[in-house]
Amino acid sequence: MKLILASLISGILFGVGLSLSQMINPDKVLNFLDIAGAWDPSLIFVMLGALEVTFISFKVILKRPSPVFDHKFYLATKKEIDKPLIIGATIFGIGWGLTGYCPGPAVAGLGFGNPEAVIMVITIYLGFVVHRYLFER
């Protein structure tokens, strides 16, 4: 029950942060990405804030022997930049640029009944299925 409650609180906090920063507004995100047009640099502060919190939190949290609700940390072990990473990052960037959504804000957008968010989340899961079919057989 503690894990479920912690997950719920974390999700609510994340959703509130996305809403306050307007990351769930695809027009705001697309204007941020449009550096040659109606550029809106305000989301830089959101990203810098997230990086700062992550940088400090990781330094503190990873000093613990294990997470509060699990027996070990699950961290990426791969250190090199390879072809699958570049392809995945490119697909992610194209999707973000076309829709104005990345996965977190797309899920938050579902709560507002936004049709673009529904399409985005469906295509994310479709991508999971395609990846499993092509690479995990």
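All values below come from the heavy atoms of this structure, side chains included, with hydrogens, waters and symmetry mates left out. Owing to the predicted nature of the structure, the values given are computational and were not obtained by experimental measurement. In this chain, numbering begins with 1 at the start of the sequence shown.
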Over 12 foreign heavy atoms within 6.0 Å of CZ, Phe73: yes
Between Val46 and Ser21, the two heavy atoms sitting closest are CG2-CB, 3.5 Å
Once you round to the nearest 0.5 Å, how far does CZ of Arg64 lie from CG of Leu62? 10.5 Å
For Leu75, look at atom CG and say whether over 12 heavy atoms of other residues, nucleotides or ligands are found less than 6.0 Å away. yes
Sorted by chain and residue number, the ring pair (Phe, Tyr, Trp, His ring centres under 6.0 Å) partners of Phe112 (sequence neighbours excluded) come out as none
Indicate if Phe55 and Phe58 have the same hydrophobic cluster label, given that clusters are the connected sets of ILVMFWY residues with side-chain heavy-atom separations under 4.5 angstrom. no
Parallel, tilted or perpendicular: ring planes of His71 versus Tyr74, cut at 30 and 60 degrees: perpendicular
Name all residues meeting the salt bridge (Lys or Arg N to Asp or Glu O under 4.0 Å) criterion together with Lys78; count only those two or more places apart in sequence or in a different chain, and write none if there are none. Asp82
To the nearest 0.5 angstrom, please state how far the CD1 atom of Ile56 sits from the CG atom of Leu51. 11.0 Å
N/O donor to acceptor pairs below 3.5 angstrom from side-chain atoms of residues 1-9, sequence neighbours left out:
unit_1 : atom_1 : unit_2 : atom_2 : d
Ser7   : OG     : Leu3   : O      : 2.8

Do Ile122 and Ile124 share a hydrophobic cluster, counting only Ile, Leu, Val, Met, Phe, Trp and Tyr and linking them when any side-chain heavy atoms are less than 4.5 Å apart? yes
According to a 4.5 Å side-chain heavy-atom criterion applied to Ile, Leu, Val, Met, Phe, Trp and Tyr, with indirect links allowed, do Val130 and Phe135 form part of one hydrophobic cluster? yes
With hydrophobic residues grouped by side-chain heavy-atom distances under 4.5 Å, do Ile44 and Trp96 end up in a single group? yes
Determine whether Ile91 and Ile94 fall in the same hydrophobic cluster, where Ile, Leu, Val, Met, Phe, Trp and Tyr are linked whenever their side-chain heavy atoms lie under 4.5 Å apart. no
N/O donor to acceptor pairs below 3.5 angstrom from side-chain atoms of residues 97-109, sequence neighbours left out:
unit_1 : atom_1 : unit_2 : atom_2 : d
Thr99  : OG1    : Gly95  : O      : 2.7
Thr99  : OG1    : Tyr101 : N      : 3.1
Thr99  : OG1    : Tyr101 : O      : 3.4
Tyr101 : OH     : Asn114 : ND2    : 2.7

Contacts under 3.5 angstrom, residues 23-38 side chains, donor-acceptor by atom type, not counting sequence neighbours:
unit_1 : atom_1 : unit_2 : atom_2 : d
Asn25  : OD1    : Asp27  : N      : 3.0
Lys28  : NZ     : Asp40  : OD2    : 2.9
Lys28  : NZ     : Ser42  : OG     : 2.9
Asn31  : ND2    : Asp27  : O      : 3.4
Asp34  : OD1    : Gly37  : N      : 3.0
Asp34  : OD2    : Ala38  : N      : 3.3

Going by the rule side-chain contact (heavy atoms from CB on, under 4.5 Å), which residues pair with Tyr125 if we only count those two or more places apart in sequence or in a different chain? Val121, Phe128
Heavy atoms only: give me the nearest Thr123-Met120 pair and the separation to one decimal. OG1-O, 2.8 Å
